[in-house]
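Taking it in order: structure first as structure tokens, then the write-up.
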Amino acid sequence: MNFWFDTSLTTQDVAQQLLGCLLIKETEEGLTSGFIVETEAYLGEIDKAAHSYGLRRTPRLVPMYQSAGTIYIYTMHTHHMLNIITKEPDNPQGVLVRAIEPFQGISLMEERRGRFGVELTNGPGKLTKAMNINKEDNGTSIGASPLYLSSKERKMPKKILSTPRIGIPNKGKWTEEPLRYIVEGNPYTTKAKKKAVSNSGWI
DNA sequence: TCATTGATGTTCT
DNA sequence: GAACATCAATGAC
């Protein structure tokens with residue numbers, strides 16, 4: 001089930017397909033995993049919010065120009081962000097994973113984060129720290145890495161909500177473009193509602 | 001060498 | 001719930 005390698009799908013399609021997928025990271029300390037509940041699509045050449053806008057090429061962006069399924073770790077300050085490349089080589093598009101719902105290895109995540117509950121993984125920098133995702137994963141393929149997607153286990157979102165992306169002001173129409181996808185009602189998303197936590201958003 | 005970057009966690013109310 | 005200080009890697013110069 002390597003549908004995320006299907007480059008005939010648009011990046012927006014892949015971003016929605018990834019919701020509910022089980023993301024797994026294996027380390028010496030143990031295994032952690034979680035279901036993806038929030039993603040953002042970045043459309044590369046035409047997308048002013050993407051690093052690869054205008055087909056810019058810098059050393060950091062090398063993984064974005066590789067084939068679908070390549071993992072691109074965007075490091076900023078002390079935080080890492082997890083991206084998955086969606087298109088063929090030299091077409092630098094990708095999906096940013098912004099939040100997951102913890103599944104396995106929760107106590108290990110708590111230890112790494114020093115936080116509990118929804119604070120474990122309800123943000124792009126949080127989930128990478130909880131799962132110990134770092135630059136060693138950068139440029140590797142999601143099919144051959146300690147960081148991978150489960151092909152067996154996944155959930156299906158009851159409803160997918162699309163909203164404008166976060167943290168990209170002054171990018172013209174790209175600021176408003178609804179390229180962020182979340183599992184509606186899931187408490188582990190970036191702007192989780194306090195109410196209706198009883199509904200986790202899965203079928 | 002330096003300006004830019006943006007999520008996090010704390011603090012304030 | 002809102003506002004802000006903080007952190008270090010990147011890339012332009």
Side-chain angles (χ1 to χ4, degrees), chain A residues 11 15 18-19 23 25 32 34-66 70-85 90 92-102 106 108-140 147 161-197:
Chain A
T11 298
L18 283 172
L19 293 175
L23 182 72
K25 174 69 194 266
T32 50
F35 296 101
I36 298 173
V37 296
E38 177 173 348
T39 60
E40 284 180 8
Y42 283 87
L43 304 185
E45 180 177 6
I46 60 171
D47 185 352
K48 287 185 179 172
H51 298 152
S52 50
Y53 172 65
L55 291 182
R56 221 159 48 116
R57 266 182 189 272
T58 64
R60 178 177 69 166
L61 298 178
V62 166
M64 289 208 76
Y65 287 83
Q66 295 175 359
T70 299
I71 296 164
Y72 169 51
I73 305 295
Y74 168 37
T75 309
M76 65 161 304
H77 310 343
T78 54
H79 310 302
H80 298 101
M81 286 172 240
L82 172 63
N83 299 263
I84 301 172
I85 305 309
D90 292 326
Q93 302 191 30
V95 174
L96 169 67
V97 178
R98 290 190 55 89
I100 63 170
E101 176 182 317
I106 291 178
L108 183 54
M109 296 190 200
E110 291 173 342
E111 189 181 321
R112 286 171 178 159
R113 292 272 302 121
R115 292 289 187 282
F116 302 92
V118 298
E119 292 292 313
L120 279 179
T121 56
N122 66 340
K126 299 179 186 180
L127 77 89
T128 52
K129 184 174 182 187
M131 297 183 74
N132 198 29
I133 294 168
N134 52 55
K135 298 222 72 171
E136 289 179 12
D137 298 303
N138 191 35
T140 63
L147 177 67
L161 197 65
S162 63
T163 76
R165 290 174 293 186
I166 290 180
I168 47 169
N170 307 320
K171 291 294 193 298
K173 77 169 211 169
W174 295 103
T175 298
E176 302 296 330
E177 204 76 359
L179 295 174
R180 171 172 175 253
Y181 304 96
I182 64 178
V183 177
E184 189 177 48
N186 190 284
Y188 290 92
T189 51
T190 301
K191 242 185 65 183
K193 314 164 191 169
K194 278 116 213 116
K195 291 187 135 191
V197 177

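To find a chain, count down the sequence lines: A is the first, B the second, and so on, and within it residues start at 1.
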Taking for A:H51 and for A:K129 the nucleotide of DNA chain B with the nearest heavy atom, the one nearer the 5' end belongs to A:H51
By nearest-nucleotide position on DNA chain B, the 5'-leaning member of A:I166 and A:R115 is A:I166
So CG of A:L179 and CD of A:E40: to nearest 0.5 Å the spacing works out to 8.5 Å
Rounded to whole Å, the CZ-C1' distance (A:R98 to B:dA7) equals 8 Å
A:K126 atom NZ is separated from B:dT10 atom C1', nearest whole Å, by 12 Å
Checklist entry - Which part of the nucleic acid does A:R113 contact within heavy-atom distance under 4.0 Å: base, sugar-phosphate only, or nothing? => result sugar-phosphate
Side-chain donor-acceptor pair present, A:T121, A:E101, cut-off under 3.5 Å:
no
Correct closest heavy-atom pair for A:M131 and A:T32 would be CE-O, 3.4 Å
Heavy-atom nearest pair, A:I73 first then A:K135, reads O-CE, 4.4 Å
- A:K126 with A:E119: basic N within carboxylate O range, under 4.0 Å: yes
Anything under 3.5 Å between a protein N or O and an N or O of nucleotides 6-13 of chain C, put it in a table, one pair a line.
unit_1: C:dA8; atom_1: N3; unit_2: A:H77; atom_2: ND1; d: 2.9
unit_1: C:dT10; atom_1: OP1; unit_2: A:K135; atom_2: NZ; d: 2.8
unit_1: C:dT10; atom_1: O3'; unit_2: A:R60; atom_2: NE; d: 3.4
unit_1: C:dG11; atom_1: OP1; unit_2: A:T58; atom_2: OG1; d: 2.3
unit_1: C:dG11; atom_1: OP1; unit_2: A:R60; atom_2: NE; d: 3.3
unit_1: C:dA12; atom_1: OP1; unit_2: A:R56; atom_2: NH1; d: 3.2

Taking B:dG9, B:dT5, B:dA7 as options, the one with an atom nearest any side-chain atom of A:Y74 is B:dT5
List the atom pairs, with distances to 0.1 Å, where a side-chain N or O of residues 47-55 of chain A and a protein N or O form a donor-acceptor pair under 3.5 Å, not counting sequence neighbours.
unit_1: A:D47; atom_1: OD1; unit_2: A:A49; atom_2: N; d: 2.9
unit_1: A:D47; atom_1: OD1; unit_2: A:R165; atom_2: NH2; d: 3.2
unit_1: A:D47; atom_1: OD2; unit_2: A:L43; atom_2: N; d: 3.0
unit_1: A:D47; atom_1: OD2; unit_2: A:R165; atom_2: NH1; d: 2.7
unit_1: A:D47; atom_1: OD2; unit_2: A:R165; atom_2: NH2; d: 3.4
unit_1: A:H51; atom_1: ND1; unit_2: A:Y72; atom_2: OH; d: 3.1
unit_1: A:S52; atom_1: OG; unit_2: A:P92; atom_2: O; d: 3.0

